[in-house]
2 protein chains.
Amino acid sequence: MDVQRLELLRELAERRSITEVARATHRTPSAVSQQLKVLEREAGLPLTERSGRGLILTDAGRALARSATDVAVALARANAVWDEFRHHATGEVSLVTFPTAGEMLLPGALQQIAAVPGLIVNCTDKDPELSDFPALTADFDIVLAYSLRGQLPWGGRGLTVVPLMTEPLDVGLPADHRLASRAWIGPADVVGETWIGAPDGYPFERILHQIEQQGGGRALVAQRFADMRLIEAFVMAGLGIALVPRYTWGGDQPGRLTLKPLRGVDAERQIVALMRPDRAERLAVRTVVDVLRAEAARVQAEHTSTAPPSSP
Amino acid sequence: MDVQRLELLRELAERRSITEVARATHRTPSAVSQQLKVLEREAGLPLTERSGRGLILTDAGRALARSATDVAVALARANAVWDEFRHHATGEVSLVTFPTAGEMLLPGALQQIAAVPGLIVNCTDKDPELSDFPALTADFDIVLAYSLRGQLPWGGRGLTVVPLMTEPLDVGLPADHRLASRAWIGPADVVGETWIGAPDGYPFERILHQIEQQGGGRALVAQRFADMRLIEAFVMAGLGIALVPRYTWGGDQPGRLTLKPLRGVDAERQIVALMRPDRAERLAVRTVVDVLRAEAARVQAEHTSTAPPSSP
DNA sequence: CACATCCATGTAGCTAAGCTTCACACTTAT
DNA sequence: ATAAGTGTGAAGCTTAGCTACATGGATGTG
């Protein structure tokens, strides 16, 4: 019933391999194996089973790992208590983001965080196609993730989810496009267009499918890019139109690219912070998340009041 | 942030002295002092303060101790999880009771518990006058306690309270008493009587005061005893009347002592199991409490159906 | 006022838990 | 078949945390 051992079991439940757990906890695989063995002996029943050259957890093992999370949460909360007593959220916080959210939120957020002494935030970006968002919570304190409405991939995993904002997805058009003077756009207007899409597996594809269904036709996807800057360049060159997140759009080249809201299709993405519940309790982590929420609200307010996309 | 150390701090919060904590945890005072020192250094601010030759906790220390309880609860719950997987509540459970509840509940309960292999229950009794019920939870897993309605002494301490039963307090009369044929009794009927009371400090005294207020007079308390058997003997000898818990009464001497319900006065006591929240999570403890609840319900049902005190 | 007592806390040393290193068995890919 | 991945075991070392003993204040008591 030692906490360290329970923690190891929990890591094993997430990382599926003793070698990975050892790497993550800066230990030898042998040490991890020995500790899990002790835990198993204490428990009195097998917690793991060999499967191929790896191993998997038994039902008992999974159940114990689940309650190990509660222990970790309580422990992290205790830690937060004395951080609050000292009035400073200290320590390092690691964060991954997908590119567009990072561009939109992180510069402003980190400027505010710089004012907090002793709080260090390490940011990285990862391409959302390659990455399984929930899995990243094992290695990062905060994972900025997005999902389209209706699909909620991070429900049953026991992760803490903090919504930051919901961002409309508009249609990006070159300034000289035939639809550039319209206030908004419906599926039928654009179903025949040439599109600059996202690679397979990106959730944006689902919206394109919706457009096809609602509009009654097939959208021609000429190119598939992950980088939004690249997509915008293609649109401005007149090589196609694309779905563009409204707030993320820098508005860099006024006159060469305009955004039109899409009606009749549920085109929104929800941007959230994803965390392991114990890490979410850390005062340093909570502080960063609060700043992110405020920054997201600021961005959203700025766009809705000053610059509706129909009349830039 | 080690759990062992947090546990020590929590013990210190309850026992107010390092020596006592050392005794309770089977350690040397020096060892306890060293560990608390480490914890203090980790926390970065003082957790204790010297006060006379002892010491007291600072605000930070108390706050940390509180959250240490949550950690202990989570840990105990994890422990219960694998106990449930093994389908047997094992281990030792210690229990204190006040005499009357012990007589009423424990024999039946322990007979049932004997059927559970590996579950050992150690019982003791303590006189309720001498004992501060909440304080006993530091040394016993389960504390059987009682309180009169309205007064709830175990509210803010963060203890787990499981109600077992509410027991009416009747008036015990000798069989040849002038009121022995009445179906029930009001305050005015008995305010002038000679009473066999409880020692000062017992909550029963409050009910006697209520009777005096409602009845308009003064009750003459001839003797004060704590032992219920003794009180009953005095009543049967015609030396006075007394408040007798209805279900506790053995009914030993039919015809020599009768119980009459008291109307117009809120004469009930609530019998509860009092536990430290982490101990309450242990499967073995929960099992014992469940048996106690069932036994209490059985006793109550038996009395209300077969033997209303007005017609024995 | 000295004395005994009770408390917390330091110092020295020992024990044992938990780590690393190395070696081995086993399973899958090339 | 060889190589590279997996988890596990035995031997040894490091160190966290304990005991034993000694010390310094604070509180009663002759």
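Within every chain, numbering begins at 1; the chains are lettered A, B, ... in the order of the sequence lines, protein sequences first and strands thereafter.
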**Prompt:** Taking the nucleotide of DNA chain C with the closest heavy atom to each, which residue, A:P29 or A:R50, is nearer the 5' end?
**Reply:** A:P29
**Fill in**
Ranking D:dA20, C:dT20, C:dC7 by distance to the side chain of B:Q34, first place goes to D:dA20
**Fill in**
To the nearest angstrom, the CD1-P distance between A:I18 and C:dT20 comes to 14 Å
**Item:** Interatomic distance, A:R27 CZ vs C:dT20 P [rounded to whole Å]
**Value:** 8 Å
**Message:** Strictly below 4.0 Å, N to O, side chains only: are A:R229 and A:E103 in salt-bridge contact?
**Reply:** yes
**Prompt:** When we call it a touch if two heavy atoms are under 4.0 Å apart, what does B:R5 touch: a base, just sugar-phosphate, or nothing?
**Reply:** sugar-phosphate
**Message:** I need the CE-P distance between A:M1 and C:dA17, as an integer number of Å.
**Reply:** 13 Å
**Request:** Find the distance A:K37:NZ to D:dA10:P and express it as a whole number of Å.
**Result:** 11 Å
**Prompt:** Just wondering, more than 12 heavy atoms not from A:R15 lying within 6.0 Å of its CZ?
**Reply:** yes
**Presence of salt bridge, A:R286 and A:E84, under 4.0 angstrom** = yes
**Complete:** Atom CG of A:L57 and atom P of D:dG7 are separated, to the nearest Å, by 12 Å
**Request:** Could you tell me the separation between the CD atom of B:Q4 and the C1' atom of C:dA16, rounded to a whole number of Å?
**Result:** 14 Å
**Message:** Categorize A:T48 for me: base, sugar-phosphate, or nothing, with a 4.0 angstrom heavy-atom threshold over every strand shown.
**Reply:** nothing
**Request:** Would you mind checking if B:D132 and B:K126 are paired as a salt bridge, meaning a charged N to carboxylate O distance below 4.0 Å?
**Result:** no
**Asked** CD of A:E49 versus P of D:dG7: gap in Å, rounded?
**Response** 15 Å
**Request:** Measure the distance from CG on A:L36 to C1' on C:dG18 and round it to the nearest whole Å.
**Result:** 13 Å
**Prompt:** Between the side-chain atoms of B:S30 and the base atoms of D:dA20, is any donor-acceptor pair under 3.5 Å?
**Reply:** yes
